[in-house]
2 protein chains.
Amino acid sequence: MNNVQEESRRDRKRLQRRVVLIEIARRLIAANGLRSLKVRDVAEAAECSIGSVYNEFGDFDGLILTVNRDTVQALTDRLNAVPADDPIRQLHDLADAYLGFATEHANLLRALFEHRMEDDRPFPDDILSMVMDAFALMHAPLVRLLPDRDASDVALLSRMMFSAVHGIISLGLEERMVAVPPEQLRERLALFIDTHLAGLGLHG
Amino acid sequence: MNNVQEESRRDRKRLQRRVVLIEIARRLIAANGLRSLKVRDVAEAAECSIGSVYNEFGDFDGLILTVNRDTVQALTDRLNAVPADDPIRQLHDLADAYLGFATEHANLLRALFEHRMEDDRPFPDDILSMVMDAFALMHAPLVRLLPDRDASDVALLSRMMFSAVHGIISLGLEERMVAVPPEQLRERLALFIDTHLAGLGLHG
DNA sequence: GCGCGAAAATGAACAATGTTCAAGAAGAAT
DNA sequence: ATTCTTCTTGAACATTGTTCATTTTCGCGC
């Protein structure tokens, strides 16, 4: 076997295990929450040693952050799949997509927002950017709806609107502190956006 | 010394230590976040044994929950101190009070919302009720502003509005994912509420 | 194939931390 | 003073993230 094949075989194996580890970690977080994720459980499920997890991700945070990175990406993909033809419709769909994702992946989304780094290491910039970008996705439709407003003003408005939606959803889906009952969340969110748009002088 | 004094002396001592333990735990959480709170640190700072912490609070969750209980109470007190003469003003002040509390006690408030029980024990009902009650404090002013609306409708609306404010603030104050810059948070929140009220057909 | 050196895998050992509990100390009751 | 109850203590334990010396694997030149 030549160099290229040899090299790629090793890399393939390594990459495959990496994927397996991530998938297992994600499944465990999704099933039982970030808090009950243990290195040993992941290693055992992947049929490898504890040390291998460390070789691949550096430390436990590394694994969690990788899962979180995937979570933001999946969320972003879902939000980006919202059609952009009608801006008002788009805003509704964005909120709805967020609600859908939060419903289906509650523990994964919580892991993203609630995870704190070990010690006081800084939060990775790339994940931060990805989240910020996701939260900026209401910007485009709002620019179309408010063409005369100051650009930075709309930028702030869009992030604020998304933060509000996030707050309503995350508290509404929290089993314990039900601020808004889950079964009414969908229509309530739509109403919320309509009300806010009306307050901005727009009609849905 | 008679029975009553003996009894109360013991109780006083016990109560005093309880207060000390709570105060230390609160200070540690406020300073470094819930994650870095350790039983041994609390015990050492209180100059008692680890076991005494367990005698007093049952387990570590017990101590945390007690601090969280105090946090909700302090938050509620602050929200209740908002004058109730003008309903629109009251809504603004409630948001502002929440922002103030979240700014001054960021780690304590995070501990309240992010703490997960050990294993899967249920979240204590009393704390849950207290949080729900706090989040219902926008109800009264909204009832005055919307006297013709259905009661349960306004109840939902008020919790949703508070959840939205919570989302904007908690993400805005998160050092890492700054959705809305802290220095603009105050005026932006006011604007947010005005916009929403306008959408409801009201004028600030 | 063979042997060598680099890279990776392993899991025992370690460190940090929540929890328990048997033994002792302190206090209440008589 | 004695006894019984209660509280306090901290050593020992269980769990879990982390390290690292050892072993295994693997690529590569011969």
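Here is the naming used below: chain letters follow the sequence lines, and residue numbers restart at 1 for every chain.
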Do the side chains of A/Arg27 and A/Asp41 get close enough for a salt bridge, i.e. N-O under 4.0 angstrom? no

Got a salt bridge between B/Arg17 and B/Glu23, using NZ or NE/NH1/NH2 to carboxylate O under 4.0 Å? no

Ordered by number, residues from residues 25-38 of chain A within less than 4.0 Å of DNA chain C (heavy atoms) are none

Heteroatom pairs (N/O) under 3.5 angstrom, protein to nucleotides 18-22 of chain D:
| from | atom 1 | to | atom 2 | distance (Å) |
| --- | --- | --- | --- | --- |
| D/dT18 | OP2 | A/Tyr54 | OH | 2.8 |
| D/dT18 | OP2 | A/Phe60 | N | 2.9 |
| D/dT18 | O5' | A/Tyr54 | OH | 3.4 |

Indicate whether OP1 or OP2 belonging to C/dA8 is found under 4.0 Å from a side-chain N or O atom of A/Ser52. no

Separation of C/dT17 atom C1' from B/Leu63 atom CG, nearest Å, is 15 Å

ask   = Are A/Phe123 and A/His115 close enough that their ring centres sit under 6.0 Å apart?
value = no

**Message:** Closer than 4.0 angstrom, basic N to acidic O: yes or no for B/Asp153 and A/Arg188?
**Reply:** yes

Less than 4.0 angstrom from a charged side-chain N to a carboxylate O is my criterion; do B/Glu56 and B/Lys13 meet it? no

B/Asp41 atom CG is separated from C/dA15 atom C1', nearest whole Å, by 15 Å

Note to self: Does C/dA9 have OP1 or OP2 under 4.0 Å away from a side-chain N or O of A/Arg14?
What the structure shows: no

Quiz item: Charged N to carboxylate O below 4.0 Å: is that the case for A/Glu114 and B/Arg110?
Solution: no

Would a line drawn from the ring center of A/Phe162 to the ring center of A/His139 be shorter than 6.0 Å?
-> no

Separation of C/dA9 atom P from A/Leu21 atom CG, nearest Å, is 10 Å

Here the distance between atom C1' of C/dT20 and atom CZ of B/Phe57, to the nearest Å, is 18 Å

Item to complete: Flag the pair A/Arg89 and A/Asp85 as a salt bridge only when some basic side-chain nitrogen lies within less than 4.0 angstrom of an acidic carboxylate oxygen.
Response: no

B/Glu56 CD to C/dG18 C1', in whole Å, measures 18 Å

Quiz item: Does the pair B/Asp96/B/Arg78 count as a salt bridge with the N-to-O cut at 4.0 Å?
Solution: no

Margin query: Check the phosphate of C/dA8 against A/Lys13, side-chain N and O only, distance under 4.0 Å to OP1 or OP2. Yes or no?
Written below: no

